[in-house]
A.B. asks: 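One structure, pasted below without further comment.
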Number of protein chains: 2
Amino acid sequence: MRKRVNALAEQLLETLEERGYRSTSPRRAVAQAIANQDKPFTAEDLRGQLPALGRATIFRSLKLLVETGVVCRVLLEDGDLQYQLSHRGHHHHLLCVECGSSQDLLGCDIEALLQQTSASHGFELSGHWLEVYGRCRSCSVKELAAV
Amino acid sequence: MRKRVNALAEQLLETLEERGYRSTSPRRAVAQAIANQDKPFTAEDLRGQLPALGRATIFRSLKLLVETGVVCRVLLEDGDLQYQLSHRGHHHHLLCVECGSSQDLLGCDIEALLQQTSASHGFELSGHWLEVYGRCRSCSVKELAAV
DNA sequence: TATCAATAGATACTGGGTCTCATTAAGCCC
DNA sequence: GGGCTTAATGAGACCCAGTATCTATTGATA
Ligand SMILES: [Mn+2]
Ligand SMILES: [Mn+2]
Ligand SMILES: [Zn+2]
Ligand SMILES: [Zn+2]
């Protein structure tokens with residue numbers, strides 16, 4: 001378990017190094033903290049977990065990681081934007097409104113549908129943003145058990 | 001043209017009155033300003049157009065209108081959230097990345113698709129947020145003409 | 001037209017995020 | 001390993017969107 005988490009954090013750092021960014025100890029700390037999150041998080045969450053780091057440093061690291069695509073932003077139902085470890089490339093999220101957990105949705109099959117709809121409005125499709133809200137499996141189970 | 005715009009603004013006010021909110025002159029001003037926008041706008045945009053109003057008042061009116069559903073928030077491609085006159089009920093936006101205009105997409109036919117995908121992940125769907133980005137008809141035409 | 005709650009406006013405050021600038025530390029070459 | 005160069009850090013000021021608080025005003029209703 002420990003091993004795997006570190007591996008994840010290392011991946012984040014490697015991504016930065018590939019782009020020519022230095023591997024610094026604040027960045028290692030941020031990477032590790034991100035790897036440890038189990039649901040979408042805010043910069044403030046990280047800050048609480050890394051009180052030794054400068055605030056700007058956390059924001060800067062986060063920004064780099066978002067730019068390189070290994071961290072993405074998720075839109076909560078209330079309009080709040082938070083961060084999350086990301087699969088690279090296009091994907092969406094199944095966000096549990098109960099426990100706040102997020103599950104990645106890798107295949108995106110709505111593109112064709114949107115293409116059609118867009119075209120019928122004379123609109124030349126170039127991208128989309130989709131978030132899906134509901135209840136995750138374990139929250140559904142819990143609710144059933146509670147009855 | 002003028003007439004129609006005023007009619008729109010009046011609709012906004014009526015919606016508030018229906019909910020028991022008073023029809024005040026600041027609210028009339030905000031409603032009118034919103035009716036005049038032709039693309040997604042920020043509270044700051046309104047403020048620039050209504051320098052006589054208190055800042056808090058603009059935010060408060062905007063909030064009420066969002067709560068009653070006659071104004072909605074749109075997510076720009078860069079993660080910025082702005083406001084926009086809204087069709088009531090569930091709908092999406094075709095957002096032109098060129099000119100910033102927004103066109104409402106009324107029918108939402110992805111629900112069935114999402115339902116399926118969600119179910120296959122043990123996820124109990126309850127809602128979604130979708131924004132579509134691309135080029136609107138007039139921007140497409142312009143680009144063709146420019147070649 | 002008097003009453004009185006709802007609203008407005010001024011202004012302080014919060015939360016997320018960026019900018020500046022002096023100091024520190026990676027990375028690299030020897 | 002020691003020095004050089006430059007990127008990165010941290011402290012703090014600052015910015016922007018939005019909220020809270022408080023007193024003064026105003027709209028609805030009788
Ligand atoms: Mn997609
Ligand atoms: Mn929809
Ligand atoms: Zn859940
Ligand atoms: Zn356009």
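In what follows, every chain begins at residue 1, and chains take the letters A, B, ... in the order their sequences are listed. FYI, side chains are in, hydrogens and waters are out, and symmetry mates aren't considered; it's all heavy atoms of this structure.
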A.B. asks: Using a cut-off of 4.0 Å on non-hydrogen atoms, how would the nucleic acid contact of B/Ala56 be classed: base, sugar-phosphate, or nothing?
C.D. replies: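 Since a base atom lies under 4.0 Å of B/Ala56, the category is base.
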
A.B. asks: Please state how far atom CG in B/Leu16 lies from atom C1' in C/dA6, giving the value in whole angstrom units.
C.D. replies: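 Rounded to whole Å, this separation is 13 Å.
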
A.B. asks: Check for a donor-acceptor pair, side chain of B/His92 on one end and backbone N or O of B/Leu130 on the other, with a separation under 3.5 Å.
C.D. replies: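 Answer holds: yes.
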
A.B. asks: Tell me which residues in residues 62-84 of chain A lie within less than 4.0 Å of DNA chain D, going by non-hydrogen atoms.
C.D. replies: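 When residues 62-84 of chain A is checked for heavy atoms under 4.0 Å from DNA chain D, there are no hits whatsoever.
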
A.B. asks: Sort out for me which residue in A/Ile34, A/Leu46, A/Val71 forms a side chain to side chain contact (heavy atoms under 4.5 Å, CB included) with A/Tyr83.
C.D. replies: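 Testing each of A/Ile34, A/Leu46, A/Val71 against A/Tyr83, the sole residue satisfying side chain to side chain contact (heavy atoms under 4.5 Å, CB included) is A/Val71.
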
A.B. asks: Can you tell me if A/Gln116 has over 12 outside heavy atoms packed within less than 6.0 Å of its CD?
C.D. replies: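 No, the 6.0 Å shell around CD holds no more than 12 heavy atoms from other groups.
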
A.B. asks: Where do B/Val30 and B/Leu12 land on the side chain to side chain contact (heavy atoms under 4.5 Å, CB included) test, with the steps shown first?
C.D. replies: CA-CA 10 Å; B/Val30 169; B/Leu12 297 187; over 6 Å; no

A.B. asks: Enter the distance from A/Leu65:CG to A/Tyr21:OH here, rounded to the nearest 0.5 Å.
C.D. replies: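 Rounded to the nearest 0.5 Å, the CG-OH separation comes to 10.0 Å.
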
A.B. asks: Using whole Å, what does the distance between atom P of nucleotide D/dA8 and atom CG of A/Leu53 come to?
C.D. replies: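 About 15 Å, once rounded to whole Å.
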
A.B. asks: Could you tell me the separation between the CD atom of A/Glu44 and the P atom of C/dG16, rounded to a whole number of Å?
C.D. replies: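 It works out to 6 Å between those atoms.
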
A.B. asks: Verify whether the ring centers belonging to A/His128 and A/His90 lie closer than 6.0 Å.
C.D. replies: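 Yes; A/His90 has its ring centre under 6.0 Å from that of A/His128.
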
A.B. asks: For DNA chain D, determine which residues of residues 17-29 of chain B have any heavy atom closer than 4.0 angstrom to one of its atoms, and list them numerically.
C.D. replies: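 Correct list: B/Arg22, B/Ser23.
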
A.B. asks: What is the distance, rounded to the nearest whole Å, between atom CZ of B/Arg60 and atom P of C/dG9?
C.D. replies: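 Computing the B/Arg60:CZ to C/dG9:P distance gives 8 Å.
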
A.B. asks: Kindly compute the distance separating NZ (A/Lys39) from CG (A/Leu95), expressed to the nearest 0.5 Å.
C.D. replies: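 Output value for this atom pair is 11.5 Å.
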
A.B. asks: Rounded to the nearest angstrom, tell me the gap between atom CZ in B/Phe59 and atom C1' in C/dG9.
C.D. replies: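 It is 14 Å, rounded to the nearest whole Å.
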
A.B. asks: Got a sec, which residues hit salt bridge (charged side-chain N to carboxylate O under 4.0 Å, His left out) with B/Glu98, two or more places apart in sequence or on another chain?
C.D. replies: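 Residues passing salt bridge (charged side-chain N to carboxylate O under 4.0 Å, His left out) with B/Glu98: B/Arg135.
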
A.B. asks: Between A/Ile58 (CD1) and C/dC19 (C1'), how many Å, whole number?
C.D. replies: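 Rounded to whole Å, this separation is 17 Å.
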
A.B. asks: Give the rounded distance in Å between these two atoms: CZ of A/Arg47 and P of D/dG12.
C.D. replies: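 The distance from CZ of A/Arg47 to P of D/dG12 comes to 12 Å, rounded to the nearest Å.
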
A.B. asks: Please confirm whether the backbone N or O of B/Leu106 pairs with a side-chain atom of B/Asp104, one donor and one acceptor, at under 3.5 Å?
C.D. replies: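 Side chain of B/Asp104 to backbone of B/Leu106, a donor-acceptor pair under 3.5 Å: no, none is there.
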
A.B. asks: How many Å lie between CZ on B/Arg55 and C1' on D/dT19, as a whole number?
C.D. replies: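 In whole Å, D/dT19 C1' lies 9 Å from B/Arg55 CZ.
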
